[in-house]
Structures are given as structure tokens and as C-alpha cells.
Amino acid sequence: MNFKKELFFNGNSDWEDLGNGISRQFVGYNSQVMMVIVRFEKDAVGALHQHFHSQITYVASGKFEVTVDGETKVLHEGDGFFCPTQYFSRSKVS
């Protein structure tokens with residue numbers, strides 16, 4: 001995996017279609033942490049997955065259900081969660 005060399009994000013990264021009503025735009029990442037902007041269409045469900053790096057999420061608008069390591073919560077605008085490396089997570093727009 002190639003790591004993003006830029007230290008500043010100016011919104012010029014391409015949007016990547018992940019399928020199932022989910023798309024993302026990379027802000028930056030390395031082997032320890034990843035930051036992306038993710039868009040969920042109504043009723044979108046993310047697949048159960050894990051990352052080799054930690055994931056930090058902030059809900060900018062709306063609400064969605066997230067499961068991290070088997071624990072499920074509904075998050076609203078202004079909420080967030082931390083998913084440590086190798087934990088399984090999934091998200092669903094509610």
C-alpha cells in the first residue's frame with residue numbers, strides 16, 4: 001500500500017465508490033491511522049470488515065448505527081467512535 005505523502009488536505013482527492021450506496025474520499029493515512037470522508041446513501045449498509053490501522057470516525061450529519069467489536073450503538077451528528085487496529089466494524093444508515 002502506498003501512503004499519502006501530502007500533509008494537508010484541500011478536497012482534491014477522488015471519491016471512491018465502495019458499492020452498496022457508500023463512497024469515500026481519502027484525507028490521509030499511514031500504517032497507524034486512517035482518515036476519510038464517507039458518504040452513505042439512505043439505507044446503505046457497510047460490510048463487516050477490519051483494518052490494519054486504527055479508525056477514528058466523526059458523524060458530521062445525520063445518524064447511523066455502528067458496530068465495533070460486537071457492540072452496537074446509534075450515533076448522531078456530533079458523535080464519534082474509535083475502532084482500534086484489527087477490530088471488526090460495520091456501519092448502517094438508520
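To the nearest 0.5 Å, the span separating CG on Asp14 from CZ on Arg24 amounts to 12.5 Å. Between Ile22 atom CD1 and Ser91 atom OG the span is 7.5 Å, to the nearest 0.5 Å. A distance of 11.5 Å separates CD1 of Ile37 from CZ of Phe26, quoted to the nearest 0.5 Å. The distance from the NZ atom of Lys63 to the CG atom of Asp79 is 11.5 Å, given to the nearest 0.5 Å. Taking CZ from Arg90 and OG1 from Thr72, the interatomic distance works out to 9.0 Å, rounded to the nearest 0.5 Å. Taking CG of Leu75 as the reference point, atom CZ of Phe81 lies at 7.0 Å (rounded to 0.5 Å).
Taking the side chain as every heavy atom from C-beta outward, Gln32 and Ser54 never approach each other to under 4.5 Å. Residues Met34 and Val36 form a side-chain contact, since some pair of their non-hydrogen atoms from C-beta on lies under 4.5 Å apart. No side-chain heavy atom of Phe64 sits under 4.5 Å from any side-chain heavy atom of His76. Annotation: side chain of Tyr87 is not in contact with side chain of His51 (no heavy-atom distance under 4.5 Å). Contact annotation: the side chain of His53 never approaches that of Val33 to less than 4.5 Å [non-hydrogen atoms, C-beta and beyond]. Side-chain contact between Thr57 and Val66 is absent, with no heavy atoms from C-beta onward closer than 4.5 Å. Two residues are said to be in side-chain contact when any heavy atoms from C-beta on lie closer than 4.5 Å; Gln55 and His49 meet this criterion. Side-chain contact between Met35 and Tyr29: absent, with no pair of heavy atoms (C-beta onward) separated by less than 4.5 Å.
The number of heavy atoms from other shown groups lying within 6.0 Å of CG (Asn20) does not exceed 12.
Lys92 and Val45 get closest at one heavy-atom pair: CG-CG2, 3.6 Å. Ala44 approaches Gly21 most closely through the heavy-atom pair CB-O, 3.7 Å.
Checking side-chain atoms of Glu77 against main-chain N and O of Ser61 turns up no donor-acceptor pair under 3.5 Å. Looking only at distances, no side-chain donor or acceptor of Ser23 sits under 3.5 Å from a matching main-chain atom of Trp15.
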- Task: Carefully, step by step, assess Glu71 and Lys73 under the rule salt bridge (charged side-chain N to carboxylate O under 4.0 Å, His left out).
- Result: CA-CA 7 Å; Glu71 184 175 352; Lys73 299 278 185 187; 3.6 Å; yes
